[in-house]
Amino acid sequence: AKEAGRATTVVYSERVRDRRAGRLAIETDLRRAAERGEFSLEYQPRLGTLDGTLRGMEALLRWDHPEMGRIPPSHFIPIAEESGLIVPIGHWVLETACKQARYWMQRGFPDLKVAINLSVRQFRDAGLLQKVVEALEASGLPPANLELEITESGLMSDLDRAVDLLQDLKALGITIAIDDFGTGYSSLSYLKRLPIDLLKIDRSFISGISDNADDRAICQAIVSMAASLTLETVAEGVETESQFECLQEIGCREVQGYYFARPLSVGDFSTYLTRHPAN
Ligand code: C2E
Ligand code: CA
Ligand code: CA
Ligand code: CA
């Protein structure tokens, strides 16, 4: 038993070491990725539930590593968060998405709204407000065409500061969404205090909406609570027609998911635009 225990320990510590080494390698490569032009953005369409018109798109970060190929955000964003690299990377996302959205606006889609994910770390960064102002000025994107998505955990850690910062951001004319809604602290009283515009219902509730009574009840409750607080709702991760039908019945305002479109490269999104009427 003793021998076996030692063997397990060795294997375990090798794994930990490998994982640490892997992490470190990723972090090192992440530091250089921006200057080497390895980042890009994909854009996933967001549609009106009632009429199916294109309302906007969510910008999603992609990293094409020279040796490892495309690395999923779920893998590198946590490393970028912990190392603080997410702050400059997030700034790049903001600048790039604003410019791209402005470009599409000027080509006949003036009402498109681009949604950008903000990490908790970025939200805590003292320079955020200034960076948003700069990105809007540099791109010429009207503030009404920009939305920032923030998770509940990012807001709840310091509610007073969150209220202040969100008020300043909203004063610019941009809109604020709570991302992955329903998965966080879910203290509903804070919703009243926060100057937000929209709740994005987390995909985990959408996946069960058509065959799980609890998930359906949760979605229904979120939508009606949001309505009474004059907040909009968007469903993310809609994958099937029956999920979409449920969301229509419930009265969710906008939808996003593979059923309608995957995240698209700039070229593919341009093609998509030519085929889809915008509101
Ligand atoms: P998220 O903000 O919740 O983004 C939605 C994720 O769901 C995206 O994954 C999207 O590709 C995926 N998705 C969309 N529709 C469907 C669907 O119908 N079914 C399924 N199964 N998935 C769907 P992605 O692009 O891998 O991004 C994962 C997460 O990484 C994002 O989750 C977000 O938290 C983070 N992320 C992505 N880009 C950025 C960024 O620019 N900045 C920051 N801070 N985080 C980002
Ligand atoms: Ca998001
Ligand atoms: Ca989300
Ligand atoms: Ca998510």
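Just follow the structure's listing: the first ligand is 1, and inside any ligand the first atom is 1. FYI, the numbering just counts along the sequence from 1.
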With under 30° as parallel and over 60° as perpendicular, where do the rings of Trp63 and Phe39 fit, or are they tilted in between?
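Tilted, since the angle between the ring planes falls between 30° and 60°.
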
Salt-bridged, [X] to [Y], with N to O below 4.0 Å?
X	Y	result
Glu58	Lys200	yes
Arg124	Asp158	no
Glu232	Arg253	yes
Arg55	Glu254	yes
Glu82	Arg23	yes

For [X], the ligand 1 atoms whose distance to one of its heavy atoms is below 4.0 Å:
X	value
Gly257	15 (N), 18 (O)
Glu58	2 (O), 4 (O)
Arg62	11 (O), 24 (P), 25 (O)
Ser119	44 (N)
Val93	41 (O)

Side chain, backbone, both or neither: the part of [X] lying under 4.0 Å from ligand 1 by heavy atom:
X	value
Gln243	neither
Asp179	side chain
Glu42	neither
Asp180	side chain
Ile77	side chain
Pro263	side chain

Consider ligand 1: state whether an atom of it lies below 4.0 angstrom from any non-hydrogen atom of Pro72.
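False for this residue.
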
Among the N, O or S atoms that [X] has, which is closest to the Ca ion (ligand 2)?
X	answer
Glu58	OE2
Asp179	OD2
Glu149	OE1

Quick check: Leu61 and ligand 1, any N/O pair under 3.5 Å apart?
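Among all N and O atoms of Leu61, at least one is under 3.5 Å from an N or O of ligand 1.
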
Below the 3.5 angstrom mark, is there an N/O of Gln256, backbone or side chain, next to an N/O of ligand 1?
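Not met; the criterion fails.
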
Can you give each donor-acceptor pair under 3.5 Å made by side-chain atoms of residues 259-270, sequence neighbours left out, with the distance rounded to 0.1 Å?
residue : atom : partner : partner atom : Å
Ser265  : OG   : Asp268  : N            : 3.2
Ser270  : OG   : Trp104  : NE1          : 3.0
Ser270  : OG   : Val266  : O            : 3.1

Who else is in the cluster with Leu198 when I, L, V, M, F, W and Y are joined by side-chain contacts under 4.5 Å?
Val234

Does Tyr103 have Arg107 sitting over its ring (NZ/CZ under 6.0 Å from centre, angle to axis within 45°)?
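Output yes; distance and angle both within limits.
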
On a heavy-atom basis, which atom in Ala59 and which in Ala97 lie closest, and how many Å separate them?
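Reported closest heavy-atom pair: CB-CB, 4.0 Å.
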
Could you check which of [options] puts a non-hydrogen atom nearest to [atom]?
atom	options	answer
atom 21 (N) of ligand 1	Glu239, Gln122, Lys200, Arg121	Glu239
atom 16 (C) of ligand 1	Trp92, Trp63, Tyr258	Tyr258
atom 6 (C) of ligand 1	Glu236, Arg203, Gln44	Arg203

Look up atom CG in Asp202 and atom OG1 in Thr183, then write down how far apart they are to the nearest 0.5 Å.
4.5 Å

CG (Leu148) and CG (Asp179) are apart, to the nearest 0.5 Å, by 11.5 Å

